[in-house]
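All values below were derived from every heavy atom in this structure, side-chain atoms included, with hydrogens, water molecules and symmetry-related copies excluded. Naming: A, B, ... by sequence-line order, numbering from 1 per chain.
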Protein chains: 2
Amino acid sequence: MNISDAATQTGLPAKTIRYYEEVGLVTPTRNTNGYRVFGEAELHKLTFLARARALGFSIEDCRTLLALYEDQSRASSDVKRIARTHLDEIEAKIADLIAMRDTLSHLVQACAGDDRPDCPILKGIETTSVSKA
Amino acid sequence: MNISDAATQTGLPAKTIRYYEEVGLVTPTRNTNGYRVFGEAELHKLTFLARARALGFSIEDCRTLLALYEDQSRASSDVKRIARTHLDEIEAKIADLIAMRDTLSHLVQACAGDDRPDCPILKGIETTSVSKA
DNA sequence: CTTGATCTTCCAGTCACTGGAACCTCTATC
DNA sequence: GATAGAGGTTCCAGTGACTGGAAGATCAAG
């Protein structure tokens, strides 16, 4: 299986797959012509990576998760710790974004949005701070 | 006022202030010794930038907002359009993160997190996809 | 044999900083 | 005047995770 088929199968761009090889996440074999060949195992890994990335795990987290995924004697606590940490980061980001959204949506609502120069948004940016929870 | 005072006043790192000058957002004058000098106006701009960045506006958005902020004949609709677009992006990010969080928190809850290798998180990454709203 | 699609590598750019090196300037103390 | 330390300057490189594009090899079809 060539790279474009692997891309189609996994939903990842070919460029991204090459990048994953570059950083050592996958190691497809090579044909005599130099083309990458993706077998079952590599395809499986790529799918795993695509899903883990979609869940927001960093490349380094993915590297660790992939190692645990392949290690039949892993402890599930190792996986859970990584996931929990990541979950906390996601929660923190959500909280940040919600604070931003709340502040900004108030400002947007207060702005007439017409031809006049008077603008509560600009005034708000001048004076309002985003209050983190 | 030197850069470290400006940094203290605005809450921005000195490095960041230098960067803002590099990209043309502020233009402090210079002392005979080459040190940057920040007056009222530049300090005001830096504060505005710090707040706008805290609201998640990009540097390019900040550039536009700053121009509008300084333009006494601006139309508030120009500002509102930028803010609304940004607000939509924030909403989209929140939705993405919430989808991630929901998927991931289910997996974390399902995982025993002990010494055994059986791990619903890894299984979940294998099979679950993040469902966007 | 030619065309066009697909593959390869390599380099540069993205965004908004951040770290660090090398060097200059100011202020205070001896 | 020498010196130490704090603070300023520039410039270069790195971050994360790709992404775009150039230049060139290879393949499949007609």
Side-chain angles (χ1 to χ4, degrees), chain A residues 1-38 42 45-46 48-66 82 85-86 89-90 93 96-97 100 130, chain B residues 1-39 42 45-46 48-66 85-86 89-90 93 96-97 100 130:
Chain A
M1 180 180 279
N2 282 348
I3 197 165
S4 64
D5 297 315
T8 307
Q9 292 276 326
T10 60
L12 293 168
K15 275 266 179 188
T16 300
I17 296 175
R18 288 195 194 99
Y19 172 73
Y20 287 170
E21 184 190 17
E22 196 190 316
V23 299
L25 289 175
V26 288
T27 47
T29 51
R30 296 292 180 128
N31 230 325
T32 43
N33 59 12
Y35 286 20
R36 287 167 183 81
V37 180
F38 295 86
E42 297 305 307
K45 281 208 236 175
L46 285 174
F48 184 91
L49 285 169
R51 300 250 171 79
R53 291 286 302 131
L55 284 170
F57 285 102
S58 72
I59 289 290
E60 287 316 304
D61 277 349
C62 285
R63 193 189 305 282
T64 309
L65 288 173
L66 208 49
I82 294 168
T85 301
H86 179 49
E89 288 164 7
I90 291 175
K93 270 187 207 163
D96 277 3
L97 286 172
M100 277 186 206
V130 181
Chain B
M1 180 180 277
N2 282 348
I3 198 164
S4 64
D5 296 316
T8 307
Q9 292 277 325
T10 60
L12 292 168
K15 276 266 181 190
T16 300
I17 297 176
R18 289 195 193 99
Y19 172 73
Y20 287 170
E21 185 189 16
E22 196 190 317
V23 299
L25 289 175
V26 289
T27 46
T29 52
R30 296 293 179 127
N31 231 325
T32 43
N33 60 13
Y35 285 20
R36 288 169 182 82
V37 180
F38 295 85
E42 296 306 306
K45 281 208 237 175
L46 285 174
F48 184 91
L49 285 168
R51 299 248 171 80
R53 291 286 302 131
L55 285 169
F57 286 102
S58 73
I59 289 292
E60 286 316 303
D61 277 350
C62 286
R63 193 189 303 283
T64 308
L65 289 173
L66 208 48
T85 301
H86 180 46
E89 288 165 6
I90 292 175
K93 270 188 207 162
D96 276 4
L97 286 172
M100 278 186 205
V130 181

Using atom [atom1] of [X] as one end and atom [atom2] of [N] as the other, report the distance to the nearest whole Å.
X: B/Asn31; N: C/dT25; atom1: CG; atom2: P; result: 12 Å
X: B/Ile17; N: D/dG7; atom1: CD1; atom2: C1'; result: 14 Å
X: B/Asp61; N: C/dA16; atom1: CG; atom2: P; result: 9 Å
X: A/Arg30; N: C/dT8; atom1: CZ; atom2: P; result: 6 Å
X: B/Ile3; N: C/dT25; atom1: CD1; atom2: C1'; result: 15 Å
X: B/Asp5; N: D/dG7; atom1: CG; atom2: P; result: 10 Å
X: B/Leu55; N: C/dA16; atom1: CG; atom2: P; result: 15 Å
X: B/Leu12; N: C/dT18; atom1: CG; atom2: C1'; result: 14 Å

Taking the minimum atom-to-atom distance to the side chain of [X], which one of [options] wins?
X: B/Arg53; options: D/dT9, C/dA16, D/dA17; value: C/dA16
X: B/Arg36; options: D/dG21, D/dT9, C/dG20; value: D/dT9
X: B/Tyr19; options: D/dA17, C/dG20, C/dC17; value: C/dC17
X: A/Tyr35; options: D/dG8, C/dT8, C/dC17; value: C/dT8

Is the phosphate of [N], meaning OP1 or OP2, less than 4.0 Å from a side-chain N or O of [X]?
X: A/Thr16; N: D/dA17; answer: no
X: A/Asn33; N: D/dC27; answer: yes
X: A/Arg63; N: D/dG16; answer: no

A/Gln9 CD to A/Ile17 CD1 distance, which is reported to the nearest 0.5 Å: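 Nearest 0.5 Å value for the CD-CD1 distance: 10.0 Å.
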
Between CG on residue B/Leu65 and NE2 on residue B/His86, distance to nearest 0.5 Å: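 One finds 9.0 Å between CG of B/Leu65 and NE2 of B/His86.
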
Position toward the 5' end of DNA chain C (nearest nucleotide), B/Thr32 or B/Ser58: B/Ser58

Toward the 5' end of DNA chain C, by each residue's nearest nucleotide, A/Glu21 or B/Tyr20: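 The residue closer to the strand's 5' end, by nearest nucleotide, is A/Glu21.
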
Sugar-phosphate, base or nothing in reach of A/Arg18, heavy atoms under 4.0 Å: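 Here A/Arg18 touches the bases of the nucleic acid.
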
Touch class at under 4.0 angstrom, heavy-atom based, for A/Phe57 against every strand present: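 The answer is nothing, as A/Phe57 stays clear of every strand by at least 4.0 Å.
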
Check ion pair B/Arg18-B/Glu21 (N to O, under 4.0 angstrom):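 Judged by the 4.0 Å cut-off on N to carboxylate O distance, B/Arg18 and B/Glu21 do not form a salt bridge.
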
Any donor-acceptor pair under 3.5 Å from B/Asn31 side chain to B/Asn33 backbone: no

Exam field: side chain A/Arg53 to backbone A/Cys62, donor-acceptor pair closer than 3.5 Å: no

